[in-house]
There are 2 protein chains.
Amino acid sequence: MNDKGRAPTISQVAKAAGVNPSSVSRAFSHPELLSHETVALIKATAEKLGYSPNRSAQALSTGRSGNIALVVPDVANPFFPPLIRGAQAEADRSAFCVFIGNTDEDLRKEELLLRRFSGQVDGVVLAAPQMPDERIRAYAERMPLVLVNRDVPGVPRVLIDSAPGIGEAVAHLAGCGHRRIAYIGGPGTSWSNKQRHSAIQKAAARHGLALVKVPNQLPSYEAGRQAVQSIEGAGVTAIVAFDDIIAQGVIAGLAARNIEVPRDVALVACDDTLGVATYPRLTTISNQSEAAGRAAVSLMNDILGSRVARDVRYVLGTHLVIRMTSGVPSPPPD
Amino acid sequence: MNDKGRAPTISQVAKAAGVNPSSVSRAFSHPELLSHETVALIKATAEKLGYSPNRSAQALSTGRSGNIALVVPDVANPFFPPLIRGAQAEADRSAFCVFIGNTDEDLRKEELLLRRFSGQVDGVVLAAPQMPDERIRAYAERMPLVLVNRDVPGVPRVLIDSAPGIGEAVAHLAGCGHRRIAYIGGPGTSWSNKQRHSAIQKAAARHGLALVKVPNQLPSYEAGRQAVQSIEGAGVTAIVAFDDIIAQGVIAGLAARNIEVPRDVALVACDDTLGVATYPRLTTISNQSEAAGRAAVSLMNDILGSRVARDVRYVLGTHLVIRMTSGVPSPPPD
DNA sequence: CTGTTAGCGCTTTCAT
DNA sequence: ATGAAAGCGCTAACAG
């Protein structure tokens with residue numbers, strides 16, 4: 001890793017400190033086994049030489065790399081950066097390093113990545129909304145695996161449950177007097193969409209609201225804009241969108257028809273990836289994706305320490321964040 | 001990396017194929033040295049056993065890990081995800097794996113991260129807007145380093161030059177008849193802000209526009225909202241904001257005063273991190289951050305292959321993307 | 001408490 | 001074209 005002259009090794013430190021290499025090793029990994037003085041001496045000389053343990057060598061020797069991989073479909077999709085951030089932060093706490101992988105949902109890339117990680121990660125945290133269950137199971141067979149937002153029984157997973165947030169959202173809308181609302185979905189096959197869809201159906205029924213369901217395959221601005229035409233004349237006064245990006249597209253599509261949010265129609269989004277940075281600020285359902293990242297890594301940690309049984313299912317709740325697009329109740333000063 | 005039974009090793013493959021371990025090694029790293037048949041045989045049995053080389057072992061043996069680290073201040077800041085994506089994509093092309101590090105601009109975290117990477121990365125790509133030059137130089141001394149958006153002579157760097165885009169923006173505004181514009185800045189100490197500020201100053205002078213400069217320390221929505229009060233009554237008809245997030249805050253601040261974008265004032269943002277996903281869609285200066293990520297990794301690649309001299313300075317241009325917030329010229333259909 | 005020794009999985013001379 | 005052997009930097013018994 002050094003430019004000129006390689007990084008100092010354990011034996012150089014040992015020689016400089018006048019001890020055996022293994023003592024240097026112990027000074028770092030099991031200081032309890034050494035006298036305070038030797039530890040101090042060793043650490044001092046190590047510091048002086050600018051030594052730090054070579055992690056590849058440690059990995060090879062111990063069979064544990066102290067690395068994990070975080071594999072996501074698209075780093076740049078606003079859902080993931082907070083997830084990554086949370087994962088990285090949690091990894092930091094236990095001195096793990098995190099590899100990042102981007103699959104674009106492409107099976108070949110996935111394979112390649114995982115192969116490339118082999119021998120240098122202890123486990124992988126995987127977000128793969130579209131991957132078939134069996135494939136996931138196969139991976140889980142080969143290595144410690146934690147899933148994000150995929151509910152595959154038998155595989156440890158952390159799930160973000162939109163139901164509570166959606167419940168609040170629907171209650172909020174019902175309370176504002178809306179009787180007929182629309183749900184503009186996301187990728188039909190994704191676990192999240194199924195889950196959100198069924199949650200809103202239940203909530204709408206519970207509050208006696210009519211629900212218009214707009215299917216939609218892509219979680220994009222453009223898709224949101226297009227979706228608007230499907231609800232023209234449907235008489236809805238409020239819309240719930242699958243995510244923030246779609247919601248922005250919906251705003252644009254409505255604006256093109258001279259319908260203004262929230263003046264003419266109320267809008268609730270999901271995920272809260274954009275909400276704070278947008279005008280009008282989105283009323284949205286917080287997705288906790290940073291927390292999910294943390295949870296996933298923490299779960300991985302438990303698994304690697306085998307402090308945990310096989311089939312863990314960690315569910316995070318959600319809640320409604322009322323800002324401007326849902327109208328009525330005076331929004332926070334903003 | 002396996003759950004039950006460790007991953008197959010080179011010698012297991014060797015035994016199964018009836019050859020020497022070193023031949024297996026060669027089959028993967030230097031197939032030219034072997035007869036076609038042996039290579040085929042070895043690859044086949046490797047495949048059958050599900051073997052792939054242990055990268056830690058390779059790293060230890062060769063002194064090259066094939067990994068690089070990408071260290072950024074905040075993964076979740078919308079500027080970085082595309083950068084990360086680009087870096088990862090480029091790394092993929094040369095079979096590199098990418099570690100991700102988040103510093104929050106905290107020196108201790110930086111140190112920790114870099115130390116943690118030691119021995120398992122060949123180099124690091126660093127984005128650190130606030131780090132003192134000397135510190136950066138010190139890092140560069142210790143390891144192959146590529147900088148993003150920091151212009152430290154002697155250290156290889158890739159820079160995004162906002163000047164062209166800003167030039168276009170100012171010309172565009174001047175062409176729309178604006179005579180008096182404001183620039184709402186970002187973190188004063190950052191290279192980007194200095195660079196954008198001087199670019200806009202020159203461009204304004206060139207077009208004979210009056211320029212009101214609004215200093216501002218934070219690149220946040222709230223900061224943008226606050227900044228609006230500084231230009232009240234300044235008579236500006238157009239605003240250029242340091243980045244998209246600030247721009248959104250500006251829109252909110254203006255809206256609070258019943259000033260509407262673009263009806264009453266034109267707005268140009270920078271970075272194009274939010275532009276596509278927002279309403280009204282921001283006219284903004286594309287920052288090419290994905291390209292910058294690619295370039296940085298590609299540069300690192302060159303450096304590691306020492307195909308390149310010391311002091312490289314790779315500059316990416318920018319351009320104006322006209323959407324809705326700058327008014328007048330009919331925006332794209334959307 | 002600390003030194004000795006034998007690998008971890010792979011690459012790389014050096015032989016043949 | 002392939003085998004044999006040493007060693008990358010570190011850890012983990014095992015002695016003492």
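In what follows, chains carry the letters A, B, and so on, assigned in the order in which the sequence lines appear, proteins first and then strands, with residues in each chain numbered from 1.
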For this session: Can you sort out which residues in residues 28-36 of chain A have a heavy atom within less than 4.0 Å of DNA chain D? Ascending by number, please.
Result: A/S29, A/H30

How long is the line joining [atom1] of [X] and [atom2] of [N], in whole Å?
X	N	atom1	atom2	answer
B/R55	C/dC10	CZ	P	13 Å
B/K15	D/dA4	NZ	P	13 Å
A/D122	C/dC8	CG	P	18 Å
A/Q120	C/dC10	CD	P	13 Å
B/E37	D/dT2	CD	P	8 Å
B/I10	C/dT12	CD1	P	11 Å
B/L60	D/dA6	CG	P	18 Å

Exercise. A/V24 near the nucleic acid: base, sugar-phosphate alone, or nothing, with a heavy-atom cut-off under 4.0 Å?
Worked result: nothing

So, does [X] get its side chain near the phosphate of [N], meaning an N or O under 4.0 Å from OP1 or OP2?
X	N	result
A/S23	C/dG3	yes
A/T38	C/dT2	yes
A/Q58	D/dC10	no
A/S56	D/dC8	no

The single option from [options] passing side-chain contact (heavy atoms from CB on, under 4.5 Å) against [X]:
X	options	value
A/I68	A/V297, A/V124, A/V121	A/V297
A/L107	A/E111, A/E110, A/K109	A/E110
A/L70	A/V146, A/N102, A/V125	A/V125

hbond_proxy [X] side chain to [N] base (donor-acceptor, 3.5 Å cutoff):
X	N	result
A/S25	D/dG9	no
B/R26	D/dG3	yes
A/S22	C/dT4	yes

Problem set entry | Contact check, side chains of A/T273 and A/N77, non-hydrogen atoms, under 4.5 Å |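 No - every pair of side-chain heavy atoms lies 4.5 Å or more apart.
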
Exercise. Can you find a heavy atom in the side chain of A/F99 that is under 4.5 Å from one in the side chain of A/Q120?
Worked result: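 Yes, close enough: below the 4.5 Å cut-off.
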
Problem set entry | Position toward the 5' end of DNA chain D (nearest nucleotide), B/A57 or B/V19 |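 Result of the comparison: B/V19.
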
Problem set entry | Of B/N20 and A/N54, the one whose closest DNA chain D nucleotide lies more 5' | B/N20

For this session: Test B/E134 against B/R137 for salt bridge (Lys or Arg N to Asp or Glu O under 4.0 Å), laying out the working first.
Result: CA-CA 5 Å; B/E134 337 117 38; B/R137 285 219 180 73; over 6 Å; no

Exercise. Should the pair A/K43 and A/Y51 be classed as cation-pi, given the thresholds of under 6.0 Å to the six-membered ring centre and 45° from the axis?
Worked result: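 No.
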
